[in-house]
Amino acid sequence: MSVAGADVDPLDLVAATLRRVAREAQHVAGSDIEDVRLVVPAGWGPRRRTWMRHAAHRAGLPQPTLIEAPVAVAGHLLADGVQLPVGSFIAVCDVGAGAEVSILRRGPAGFEVLATLADPAAGGTAIDDALAALLGGTSPVQGDGERWALMASVRTGKHALADHVAVTIPQPQGSAVVLNTGLLEQAAHPILHRAAELTTEAIAAAEIRAEDLAGVYCVGGVARMPLLEKALTETAGMTPVVLADPVLAAARGAADAGAAGGQPVGEEPVPPVRRAVAIAVPGFASLGLISQFLLTPEWNGSLMYKWALLNWGELAVAAVFAVIASLGAGTVLASAIAARTSLTPGTPANPGSQTGTGILASASLGVAIAGMYAVLGSLYIGDPVGGFLRWTLLPIAPIVAAAAVMALVAARQWRTPPGGWSKLLAFPTGSVITAGLGMALIQYSLTADRWPNMVLWIDLAGRVGGLLLGVGAVMAVVSQPILRLILGAPLAVITAALVSWPASGILGVIYAIAVAGWWLRQLWTRLLRQQAPPPHRPAR
C-alpha cells in the first residue's frame with residue numbers, strides 16, 4: 001500500500017492506528033489498558049481475525065477479544081433495556097462504508113449469527129462516488145488530488161444534509177455547487193435499495209420469515225440518513241429502528257460485553273459444572289457394564305473344557321458409553337481452554353480449532369478404551385481377542401467417523417454453534433441412564449440363578465430391560481416428546497421381545513446405531529445446515 005509516496009505494510013498501518021487509539025484511551029483512563037475488545041464484521045473468517053490479532057500485537061496491545069459487530073449491537077440493545085426474549089430473532093443492518101446485514105437469534109448462552117450478507121457497493125462509499133459523479137459532471141476533476149478534495153467535500157456535505165435542506169459544496173477548481181436532498185436521494189436511491197434487498201436476502205438465508213423478526217435495527221454512518229429507513233420500508237416491507245448513536249452502537253456493545261461477570265458477547269461460553277458432571281454418567285455406566293460383563297458370564301462345559309456364553313450386546317454398549325464419555329469430556333475441556341486461554345500470534349484464533357483437536361483426541365481415547373475392554377475381556381475370559389474386538393470396535397465405528405467429521409467442521413468453523421461446542425456435543429443423559437439400566441437388567445435375566453420361585457421375576461426383569469433399552473435408543477434419536485412416544489412404544493416392544501442369548505448382540509447394536517444417528521443429526525441439523533456460510537449474491 002502506498003501512503004504519501006511511500007510503500008507501507010497494511011499491517012503496520014492498522015497497528016499504527018491502534019497504537020494511536022490506545023494512547024488516547026490510556027490518557028483518558030489514566031492507567032494502562034488491560035482489556036482490549038475489537039469489533040469485527042460477522043463475515044470475517046479465521047484468517048482475517050488472526051490478522052487483526054497480529055495487528056494488535058504489533059501495536060503493543062494485550063491479546064484482544066474479537067466481537068462480531070452485530071452481536072455487539074445486540075448486546076447494546078439489551079444494555080439499553082430492549083426486551084429480546086430467548087428464542088427471538090433480530091436483523092442488524094450495518095450500513096457504513098459498505099453494507100452488512102446479519103440475522104441473529106438469542107439463545108440461552110447469548111446471540112448467534114444465523115446468516116450474514118455483505119455488499120461493499122451498498123454503503124456510504126458508493127453513495128459518495130455517485131454524488132461525486134453527479135457534481136463533477138459540470139466541472140470534471142483532474143488528478144487524484146482534486147478527486148480526494150472533491151470526495152472530502154461531498155462526504156461533508158452529505159452528512160450536513162441530515163440537519164439542512166441544502167448545502168454548498170466547494171469544488172477543487174474553485175467553483176461551488178449546491179447539494180440538496182433531491183440530488184442526494186437521486187444518487188443514494190439505488191444504493192440504499194440494494195441494502196434493503198440485502199436485508200431480505202439475509203432473512204431468506206437464515207430460513208426464517210420477516211414476520212419472525214422481533215425488530216430490524218440500523219447502525220453505521222449511513223443509518224442517520226432518513227433514506228435508509230424509507231428504502232427498507234418500501235423494499236423489504238419492514239419499519240426499521242435507527243439507534244440513537246448508530247456509529248458507536250457496536251463499540252458500546254463491545255464495551256458492555258461481559259459486564260457483571262457475564263461472558264464476553266461472541267465468545268465460546270465456558271461449559272457449566274453440571275455439564276461436566278453429566279459426563280460422568282456414561283463413564284460410570286460404561287465401567288458398570290464392563291464389570292458386569294466380565295463377572296457374570298454363563299459358563300458351560302466340564303472342568304477339562306469350559307467355555308463362556310457372553311452377552312456381546314453389553315460389551316458393545318459399554319464401548320459406546322466409553323466413547324460418549326470420552327468425547328464429552330474432551331469437548332468440555334477444549335471449550336474451556338478456548339474460552340480461557342489468550343492465544344499468541346500465529347496460533348489458530350478460533351475456538352473451533354481447539355474444539356476440533358479436542359474431539360479428535362477424545363475420540364482416539366474412546367477407541368483406546370474400547371480396545372482395552374476387548375483385550376481385558378480376552379485375557380479374563382480366556383477366549384481369542386478377535387471376537388471381543390469385533391464387538392467393541394465395529395459398533396463404535398460410525399460414531400467415531402461422525403466425530404471425525406465434526407472435528408473437521410469445528411476446526412474450519414469460525415462461528416460457534418448455539419450455546420457453544422460443549423452444548424452441541426452433550427449427549428442426552430436420560431438416554432444413557434435408561435439404556436444402561438436396561439442392559440444391566442438384560443444381563444441379570446440371562447445369567448441369574450433360576451430358582452423355581454424366581455423364574456417369573458427374572459424373565460420379567462429381562463423384558464423390562466429390553467423395553468428400557470428400546471426407550472433409551474429412541475431418546476437418543478428423537479427429541480420431541482410426541483415423537484418419542486410414537487416411536488418408542490413399538491421399538492420398546494420389539495426390543496423387549498428380543499431379549500435372549502442369541503439376540504443379545506443385536507440389542508447392543510441397535511443402541512449403537514441410535515447413538516450414531518444422534519451424532520449425524522447434530523452434525524447436519526445443528527452445525528452444517530445452520531452454520532454453513534450463506535451464499536453471497538453480487539450487487540445488482
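Atoms considered below: every heavy atom in the structure, side chains included; atoms not considered: hydrogens, waters and symmetry mates.
- Two residues are said to be in side-chain contact when any heavy atoms from C-beta on lie closer than 4.5 Å; Leu104 and Phe89 fail this criterion.
- Side-chain atoms of Ser102 do not come within 3.5 Å of backbone N or O of Val92 as any donor-acceptor pair.
- Between the side chain of Thr495 and the backbone N or O of Ala492, at least one donor-acceptor pair lies under 3.5 Å.
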Quiz item: For Asp94 and Val73, what are the C-alpha separation, side-chain angles and deciding distance, and is it a side chain to side chain contact (heavy atoms under 4.5 Å, CB included)?
Solution: CA-CA 10 Å; Asp94 189 348; Val73 171; 5.9 Å; no

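- Of all non-hydrogen atoms in Gly472 and Thr434, the two that sit nearest each other are N-CG2, 3.8 Å.
- How far CD1 of Ile486 is from CG of Leu491: 14.0 Å, rounded to the nearest 0.5 Å.
- Here the CD atom belonging to Glu211 is positioned 9.5 Å from the CE atom belonging to Met238, to the nearest 0.5 angstrom.
- With respect to the salt-bridge test (charged N to carboxylate O, under 4.0 angstrom), the residues Glu201 and Arg194 qualify.
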Practice problem: Please report the C-alpha distance between Tyr217 and Val242 in whole Å, then the side-chain angles of each, then the deciding distance to 0.1 Å, and finally whether the side chain to side chain contact (heavy atoms under 4.5 Å, CB included) criterion is met. | Solution: CA-CA 6 Å; Tyr217 299 92; Val242 179; over 6 Å; no

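- A distance-only check finds no donor-acceptor pair linking the side chain of Thr125 to the backbone of Ala121 [under 3.5 Å].
- Nearest heavy atoms, Ala403 versus Ile359: O-CG2, 3.3 Å.
- A side-chain contact (heavy atoms from CB on, under 4.5 Å) with Val320 is found for one member of Ile513, Ile396, Leu289 and no other, namely Ile396.
- Of the possible polar contacts, none joining the Arg37 side chain to the Thr65 backbone as a donor-acceptor pair under 3.5 Å is found.
- Looking only at side-chain heavy atoms (C-beta outward), Lys230 and Met225 stay at 4.5 Å or farther from each other.
- Interatomic distance, CE of Met439 versus CG of Leu468, reported as 11.0 Å (0.5 Å rounding).
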Quiz item: When you look at Cys218 and Leu228, which way does the side chain to side chain contact (heavy atoms under 4.5 Å, CB included) test go after all the steps?
Solution: CA-CA 9 Å; Cys218 296; Leu228 177 59; 4.1 Å; yes

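- One finds a salt bridge joining Arg58 and Asp9 here, because a Lys/Arg side-chain nitrogen approaches an Asp/Glu carboxylate oxygen to under 4.0 Å.
- Ile103 and Ala202 get closest at one heavy-atom pair: CG1-O, 3.5 Å.
- The closest donor-acceptor contact from the side chain of Ser88 to the backbone of Pro85 lies under 3.5 Å.
- Rounding to the nearest 0.5 Å places OG of Ser364 at 11.0 Å from CD1 of Ile369.
- Side chain of Asp212 to backbone of Arg209: a donor-acceptor contact under 3.5 angstrom is found.
- Here the side chains of Leu78 and Arg106 are in contact, with some heavy-atom distance below 4.5 Å.
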Quiz item: Where do Val216 and Thr239 land on the side chain to side chain contact (heavy atoms under 4.5 Å, CB included) test, with the steps shown first?
Solution: CA-CA 7 Å; Val216 179; Thr239 302; over 6 Å; no

Quiz item: Going through the distances and angles, do Phe321 and Tyr511 end up as a ring-ring contact (aromatic ring centres under 6.0 Å, His included)?
Solution: CA-CA 10 Å; Phe321 284 166; Tyr511 188 73; 5.8 Å; yes

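- Counting heavy atoms from C-beta outward, Leu18 and Leu61 have side chains that approach closer than 4.5 Å.
- Taking the side chain as every heavy atom from C-beta outward, Val40 and Ile67 never approach each other to under 4.5 Å.
- Between Glu229 and Arg224 there is no salt bridge, since none of the side-chain N atoms of the basic residue sits less than 4.0 Å from a carboxylate O of the acidic one.
- For the pair Ile399/Ile324, no side-chain contact is recorded, criterion being any heavy-atom separation below 4.5 Å from C-beta on.
- Within the 4.5 Å cutoff, side-chain heavy atoms of Arg252 are placed close to those of Asp245.
- Taking each heavy atom of Gly87 and Arg105 in turn, the nearest pair found is CA-NH2, 4.0 Å.
- In this structure, the separation between CD on Glu185 and CG on Leu227 is 5.0 Å, given to the nearest 0.5 Å.
- Under the 3.5 Å distance criterion, the side-chain polar atoms of Ser286 are left unmatched by any main-chain donor or acceptor of Pro282.
- We find the CE-CG distance between Met406 and Leu360 to be 12.0 Å, quoted to the nearest 0.5 Å.
- Pairing each heavy atom of Phe111 with each of Gly75, the nearest pair is CE1-N, 4.4 Å.
- Under a 3.5 Å cut-off, the side chain of Glu100 and the backbone N or O of Gly43 do form a donor-acceptor pair.
- With hydrogens and angles ignored, the 3.5 Å screen pairs a side-chain donor or acceptor of Thr199 with a backbone N or O of Ala195.
- For the residue pair Ser326/Ser362, the side-chain donor-acceptor check at 3.5 Å is not satisfied.
- Between Ala196 and Leu232, the closest heavy-atom pair is CA-CD2, 3.7 Å.
- In terms of modelled atom types and a separation under 3.5 Å, the side chain of Arg49 and the main chain of Trp44 share a donor-acceptor contact.
- Between Leu469 and Ile510 the shortest side-chain heavy-atom distance does not fall below 4.5 Å.
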